[in-house]
Structure formats: structure tokens, C-alpha cells
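Please read all numbers here as calculations on a predicted model, not as lab measurements. First the proteins, then the strands, lettered A, B, ... as listed; each starts at 1.
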Amino acid sequence: MLIASWNVNSITVRLPHLLDWLKSASPDHLCLQELKTVEEKFPFDQLSEIGYSAHVVGEKTYNGVAILSKSTTECVSKFLPGSPEPFQSRLIEVCVDGVYILNLYVPNGSEVGSAKYEYKLAWFKALISYIEERHVKNGVVSDKLVICGDFNIAPEDRDVHDPAEWIGQVLVSEPERDCFRQLINLGMIDSFREFEQGAGHFSWWDYRMMAFRRKRGMRIDHILVSPPLKEALKRSWIDIEPRKLEKPSDHAPVIAEFEI
DNA sequence: ATGGTAGGCCCCCTA
């Protein structure tokens with residue numbers, strides 16, 4: 001079974017890339033972020049034609065998340081209780097055959113110390129409570145849980161093209177990394193790092209300054225796996241091919257394979 | 001300290 005995650009930066013613009021990628025990669029479930037549209041304009045029909053159903057939380061212009069699946073899934077949640085105001089569509093969770101898939105679009109944070117940065121930290125605090133209430137027993141995640149998404153956090157310096165240049169900045173600041181570590185402390189496993197220890201593996205590159213060509217990126221999109229799924233995890237990787245296309249998303253899809 | 005590029009939308013905001 002393949003579970004993938006991709007920040008498409010507008011599903012309207014990226015639909016051709018998305019359909020092509022689904023046909024070639026053929027994931028069982030794909031978590032999408034930054035739809036930038038409302039549910040009424042979501043391309044259910046075109047996705048259905050290639051075998052995918054979808055649960056969607058959209059909004060006009062910003063944010064928006066969805067989970068596409070080949071099989072039928074049960075939607076568990078479409079919002080984050082206790083998240084700071086105003087509401088933003090950044091969380092959706094489904095359940096399928098006893099496996100929970102939680103899809104996140106973590107706030108970007110804009111700049112350390114800004115109001116948006118405080119929103120990001122408050123949002124993550126609510127996220128930890130959400131996970132603790134639903135999936136944690138005795139301090140660890142006891143359910144079969146996969147947390148996918150654009151975390152807007154590069155967990156360690158090896159996930160950053162130039163750590164010295166980025167020190168203390170948004171996406172890499174210690175309070176943000178503390179947020180990520182809280183999930184690790186609940187037992188969640190960074191699937192990518194189970195198979196690859198090296199630096200230079202990125203999932204996002206700024207559109208500006210030819211960042212992709214210059215390999216100046218960050219690994220901020222993640223698939224985390226709970227302890228009950230660890231043995232089933234067989235592979236985890238980043239597919240940078242769609243980032244090479246004309247009019248790409250600034251993010252690449254990340255994929256995890258399970259023997260289930 | 002700033003700018004560069006992209007997407008959506010209402011001439012600017014977010015990333």
C-alpha cells in the first residue's frame with residue numbers, strides 16, 4: 001500500500017500534473033495541501049474518472065486539504081478543535097481498515113516573532129492535544145496512524161540546503177523544531193529517515209532565484225508513522241520528477257510504502 | 001536589508 005502527500009499549490013492550476021502523477025505513481029491514498037479553492041470547485045469528476053474518491057475541506061484563495069483514495073474511506077475530522085481564530089482549512093483525517101490517515105497543512109509562520117508565527121505555534125499546540133486525545137495511550141501513539149503533510153518545518157540541519165544561512169529563521173527555528181519533536185516524543189517515526197540518513201534530500205524549493213536548479217531546498221513535507229505501523233513500513237522517498245515540469249508546484253510529492 | 005516567482009484576486013496578500 002502506498003500513501004503519499006503533495007502540496008500542489010492550487011489544485012486548479014496543477015490538475016494536469018496531478019492526474020498524470022496519480023496515473024503513474026498510483027498511490028492508494030494521496031494527501032493534498034494548498035488546494036486554494038472551495039469544495040464546490042474541487043475536481044471530483046476528473047479524479048473519479050481515474051478511480052479516486054475524495055474527502056475535501058476547502059476555502060477561497062488560501063489553504064485547503066483533501067485526501068484522495070482508491071478505496072472507500074471514512075472521514076473522521078475536517079477541522080482542528082481548539083485551533084486559533086480565524087478558522088483555516090488545514091486538517092483532514094480519514095480511517096480505512098483500522099488505519100488512520102491524518103493530513104496536515106501546518107501554517108507557514110511567515111517570519112519568526114510575527115503574528116503568523118504565533119498562530120503557527122498555537123495551531124501546533126492544538127494539534128498535539130488533538131492527537132493525544134484521539135490516538136495516544138500511556139504517552140505514545142497506540143493506533144495505526146500515518147500523519148502526512150506540509151509541516152512547514154525542516155526537522156534538522158541536514159534537511160536544509162544551507163543551515164548557516166537559515167539559522168533561527170522560520171521553518172527551522174527551535175520552537176518550530178520543538179513542535180516536530182513533540183510528535184517524535186509521542187512515538188511517531190519520520191518515515192524518510194528510516195531509510196536515508198544523508199543531507200541534500202528536499203521536498204520544497206522556492207520558486208525564486210532558481211532554487212530548484214541550484215538544489216537549494218528544504219525537507220518540510222513529511223510522512224510520520226506510529227509504532228504499530230513501523231514493521232509494515234517498507235520504503236519512503238521523495239519524487240522530485242514533477243518539480244522538473246513546466247509550471248510545477250514548488251513542492252514535490254513524498255511517498256511511503258507499507259506491506260499491509 | 002532586500003528581492004526574486006507564483007497563485008488568486010480585486011490592485012495586494014500569502015507563500
Proximity to the side chain of A/Tyr62 - top-ranked nucleotide from B/dG7, B/dC10, B/dA15: B/dG7

Provide the distance between the two P atoms, one in B/dA6 and one in B/dC11, to the nearest whole Å. 22 Å

Nearest-Å distance, NE2 (A/His251) to C1' (B/dT5)? 14 Å

Earlier contact from the 5' end, DNA chain B, for A/Tyr207 and A/Asn152: A/Tyr207

Should A/Leu233 and A/Phe195 count as side-chain neighbours, where that means a heavy-atom distance under 4.5 Å? yes

Report the distance from atom CG of A/Asn9 to atom C1' of B/dT5, rounded to the nearest whole Å. 11 Å

A/Arg177 (side chain) donor-acceptor with A/Val172 (main chain) under 3.5 angstrom: yes

Separation of B/dA6 C1' from A/Leu245 CG (nearest whole Å): 16 Å

Between B/dG7 and B/dA1 - C1' atom distance, rounded Å: 26 Å

Separation of atom CZ in A/Phe212 from atom P in B/dG4, rounded to whole Å: 23 Å

To the nearest angstrom, how far is A/Asp150 atom CG from B/dT14 atom P? 17 Å

A/Lys247 vs B/dG7: side-chain N/O to OP1/OP2 distance below 4.0 Å: yes

How far, in whole Å, is B/dT5 from B/dC10 if one measures between their P atoms? 24 Å

If only atom types and distance count, is the side chain of A/Ser53 paired as donor or acceptor with the main-chain N or O of A/Ser69 below 3.5 Å? yes

Check this one for me: any side-chain N or O of A/Arg14 less than 4.0 Å away from OP1 or OP2 of B/dA6? no

A/Gln197 and A/Arg158: side-chain donor and acceptor closer than 3.5 Å? yes

Among B/dC9, B/dA15, B/dG7, the nucleotide that comes nearest once only the side chain of A/Lys60 is considered: B/dC9

Scan A/Thr12 against the nucleic acid and name what it touches under 4.0 Å (heavy atoms): base, sugar-phosphate only, or nothing. sugar-phosphate

A/Met209 has its side chain closest, among B/dC9, B/dG8, B/dG4, to B/dG4

A/Phe151 CZ to B/dA15 C1', straight-line distance once rounded to whole Å: 18 Å

What's in the same ILVMFWY side-chain cluster as A/Phe44, cut-off under 4.5 Å, chained through other members? A/Leu2, A/Trp6, A/Val8, A/Ile11, A/Leu15, A/Leu18, A/Leu19, A/Trp21, A/Leu22, A/Leu30, A/Leu32, A/Leu35, A/Phe42, A/Leu47, A/Ile50, A/Tyr52, A/Val56, A/Leu68, A/Trp237, A/Ile255

Taking the P atom of each, how far is B/dG4 from B/dC9, in whole Å? 24 Å

Figure out the CZ/C1' separation between A/Arg213 and B/dG4, and round it to whole Å. 14 Å

Calculate the interatomic distance between A/Arg208 atom CZ and B/dG7 atom C1'; express it in whole Å. 13 Å

Give me the distance, rounded to whole Å, that separates B/dG3 from B/dC12 when you measure between the P atoms they each carry. 15 Å

So, A/Lys36 and A/Asn9: side-chain donor and acceptor under 3.5 Å apart, yes or no? yes

If each of A/Val13 and A/Asn63 is mapped to the nucleotide of DNA chain B with the nearest heavy atom, which maps nearer the 5' terminus, i.e. the 5' end? A/Val13

